[in-house]
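Both backbone and side-chain heavy atoms feed into the values below; hydrogens, waters and symmetry mates do not. Whatever order the structure lists ligands and atoms in, that order sets their numbers, starting from 1.
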Amino acid sequence: MAKLIRNGTVVTAADQYQADVLIENGIISQIGLNLELECAEIIDAQGCYVFPGGVDPHTHLDMPFGGTVTADNFETGTKAAAFGGTTTIIDFCLTNKGVPLSESVQTWHNKAEGKAVIDYSFHLMIAEINDEVLAELPKMIHDEGITSLKVFMAYKNVFQADDGTLYRTLLEAKRHGALVMVHAENGDVIDYLIKEALDAGNKEPIYHALTRPSLIEGEATGRAAKLTALANSQLYVVHVTCEEAVQQIAEARNLGIDVWGETCPQYLMLDQTYLEKPDFEGAKYVWSPPLRPKEHQDALWTALKNGQLQTLGSDHCSFNFKGQKELGLGDFSKIPNGGPCIEDRFSILFSEGVLKGRITLNQFVDIVSTRSAKLFGLFPKKGTIAVGCDADIVIFDGNAARVISSDTHHMNVDYNPFEGLEITGEPVTVLSRGEYVIQNKKFVGTPGIGQFVKRKTYPSEPLQIKPKQDTVGQRGATHV
Ligand code: URP
Ligand code: ZN
Ligand code: ZN
Ligand code: ZN
C-alpha cells in the first residue's frame with residue numbers, strides 16, 4: 001500500500017526542508033508540499049525528522065572469532081539495527097586460505113537468507129592472493145556485486161595478511177573497481193608485545209590496550225596509505241581510533257591519495273580507563289584497535305567535523321560477558337575482541353554529535369548514511385531521500401530523552417558498553433523499501449524480508465580528491 005509521510009522535516013546530507021514524502025511500490029515517488037493520494041496510508045511525522053535510513057558499513061554478524069561465535073546473528077542483529085535507525089548493513093564475509101571465495105560468500109548468504117529484516121551486503125576478506133583468488137575476484141566484484149575487499153594487517157596467525165597480499169589486493173582492486181579496506185595495526189609487533197606482557201605476568205584486560213599502542217595503528221595506517229599510493233589504488237581504513245592514524249589519513253588525502261577513514265561510537269565516547277574496571281569487567285571494553293586515552297576523542301570528533309574521517313561504522317561484533325568475554329579470564333589475549341553497537345550508532349551520533357554542536361545535521365546524515373552508500377556503491381538506491389530511491393526512511397523524534405541500557409536494548413547480548421548514557425533522540429518508525437520494520441517503536445518486521453544488495457564498482461561517483469601527477473606510484477593497472 002502506498003504511504004504518505006506528512007508534516008515531517010526531511011533532512012539529507014545537503015538539505016533540510018518541510019515536505020511530504022510519497023512512497024509507492026517501495027520507492028519514493030514524490031516529495032513536495034501538500035501531497036495527496038487518496039489510497040495512501042498517512043504517517044504523521046509532525047515534530048519529527050525524516051532521515052534516510054542509516055547505512056552501517058561495518059558489522060560482524062554470526063561470525064566465528066576468538067574461539068566462539070558473535071552473539072548476534074542476521075535476525076537479532078538486523079532487528080536491533082532497525083530499532084536503532086539503520087536500514088542497510090554491510091557485513092564482513094570471512095574467507096579462509098585454500099577455500100574458494102565463492103564458497104565463503106555462499107556461507108555468508110546462508111547465514112543471512114531467511115533472517116535479515118533489513119537489506120544487507122557483504123565485504124569480502126582477502127586472506128591470500130594466488131592464481132585461484134585472482135581468477136575468482138572479477139566474478140565476485142562484477143557478478144556478485146561485492147565491491148569492497150578487506151585485508152587485516154593484524155591478528156597474527158588468525159586473519160593477518162602480509163604487505164605483499166595487501167599490495168596485490170590494492171592492484172586488483174584498482175583494476176576491477178573495488179575499494180580496499182584495512183584493519184590497520186602492526187600485527188607482528190603486537191604479537192611480540194603480547195608475549196612480552198604475558199611472560200611478565202601481566203594478564204588483565206588493560207594489557208590488551210597497552211600491547212596495542214596508538215603509534216602502531218598510526219604506523220600501519222601510514223604504511224597502507226603509502227602502498228595505496230604506490231598501487232595508485234583506493235583505501236578505506238576501518239575503525240580509526242587515534243590521532244596518529246587520523247594524521248596519516250589527512251596527510252595522504254592532502255597528497256591526493258584516495259584514502260578514506262571510518263571511526264566508531266566507542267572510540268568517540270569511551271576511553272582506555274574502561275579496561276581497568278574491576279572484576280574482569282574491563283573485558284567488556286576490549287576492541288581492536290583498543291580504546292585510547294581520552295585526548296584522542298577530540299581528534300576523532302574534529303576529523304569527522306572537518307572531513308578527514310568520513311563515516312561511522314558500528315563494528316558490531318557482540319560477545320556476551322558471561323561465557324564469551326570470560327574466555328579471557330586469566331589471559332587478556334584470549335578475550336574475544338569486539339562489542340555491541342549496531343543499535344546505538346545512529347542515535348549516539350545524533351545526540352553527541354549534532355545536539356552537542358560537534359557536527360551539523362547535514363553532516364550527521366552524511367556520516368551515518370550517505371557517505372557509506374556512496375563509497376560502497378549503494379547510492380542513490382540507499383543513503384538519501386530523493387525521488388526514485390528505495391524508501392528506507394527513519395522518522396526520528398529529536399527530542400526524546402532516554403538512557404541506553406541492556407535492559408531495554410534489542411541486541412542479543414548481556415551488556416551494553418554505553419550503559420547509563422543519557423541521550424536525546426529516538427527512531428519512532430523505520431521503513432525498509434516502504435515496509436514498516438519499526439512502527440511507533442515496536443518491531444513489526446519479518447525475518448527474511450531483507451534483500452542482499454549487489455553494489456556498484458568503485459568509484460561510483462566523481463571523487464572529491466584529485467591525485468597529483470607528481471605523487472609516488474602511478475602503477476595501477478588498467479581494467480581489462
Ligand atoms: O575488536 C574488534 N574490532 N572486533 C571485530 C573484528 C575487527 O577487527 O573488526
Ligand atoms: Zn574487472
Ligand atoms: Zn578490525
Ligand atoms: Zn570489525
Please confirm whether the ring centroid of Phe65 lies under 6.0 Å from the ring centroid of His60.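 When the ring centroids of Phe65 and His60 are compared, they turn out to be at least 6.0 Å apart.
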List ligand 1 atoms under 4.0 Å from [X], heavy atoms only on the residue side.
{"X": "Asp315", "result": "2 (C), 3 (N), 5 (C), 9 (O)"}
{"X": "His183", "result": "8 (O)"}
{"X": "Trp287", "result": "1 (O)"}
{"X": "His60", "result": "5 (C), 6 (C), 7 (C), 9 (O)"}

Any idea which part of Tyr155 is under 4.0 Å from ligand 1, heavy-atom wise: side chain, backbone, both or neither?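 For Tyr155, only side-chain atoms sit under 4.0 Å from ligand 1.
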Evaluating non-hydrogen atoms only, which member of Pro289, Ser288, Cys317, Gly313 is closest to atom 5 (C) of ligand 1?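 Going through Pro289, Ser288, Cys317, Gly313 one by one, Cys317 has the nearest heavy atom to atom 5 (C) of ligand 1.
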Gap between atom NZ of Lys115 and atom OG1 of Thr446 - 0.5 Å precision: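 Answer rounded to 0.5 Å: 15.5 Å.
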Any chance you could measure Tyr120, atom OH, to Phe74, atom CZ, to the nearest 0.5 Å?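 The CZ atom of Phe74 is 7.5 Å from OH of Tyr120, to the nearest 0.5 Å.
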N/O/S atom name from Asp315 that is nearest to the position of the Zn ion (ligand 4):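 This turns out to be OD1.
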For a distance under 2.8 Å, tell me if His183 has an N/O/S atom near the Zn ion (ligand 4).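 No, since none of the N, O or S atoms of His183 sits under 2.8 Å from the Zn ion (ligand 4).
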With a cut-off of 2.8 Å, does His239 put an N/O/S atom close enough to the Zn ion (ligand 4)?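 No, since none of the N, O or S atoms of His239 sits under 2.8 Å from the Zn ion (ligand 4).
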In this structure, does ligand 1 have an atom that sits under 4.0 Å from one of the heavy atoms of Phe159?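 Phe159 does not count as a contact of ligand 1 under the 4.0 Å cut-off.
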Can a non-hydrogen atom of Met63 be found less than 4.0 Å from any atom of ligand 1?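 For ligand 1, residue contact (heavy atoms, under 4.0 Å) with Met63 is absent.
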Inspect the contact between Glu352 and Arg358 and indicate whether a charged nitrogen and a carboxylate oxygen are less than 4.0 angstrom apart.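 Salt bridge: yes.
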Do Lys322 and Glu326 meet the salt-bridge criterion of a basic N to acidic O distance under 4.0 Å?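 A salt bridge is present here (some side-chain N lies under 4.0 Å from a carboxylate O).
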Looking at atom 4 (N) of ligand 1, what's its closest protein heavy atom, distance included?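 Heavy-atom neighbour on the protein nearest atom 4 (N) of ligand 1: Asn337 O, 3.1 Å.
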How about [X] and [Y]: does a side-chain donor come under 3.5 Å of a side-chain acceptor?
{"X": "Ser214", "Y": "Arg292", "answer": "no"}
{"X": "Asp188", "Y": "Gln160", "answer": "yes"}
{"X": "Thr408", "Y": "Arg402", "answer": "no"}

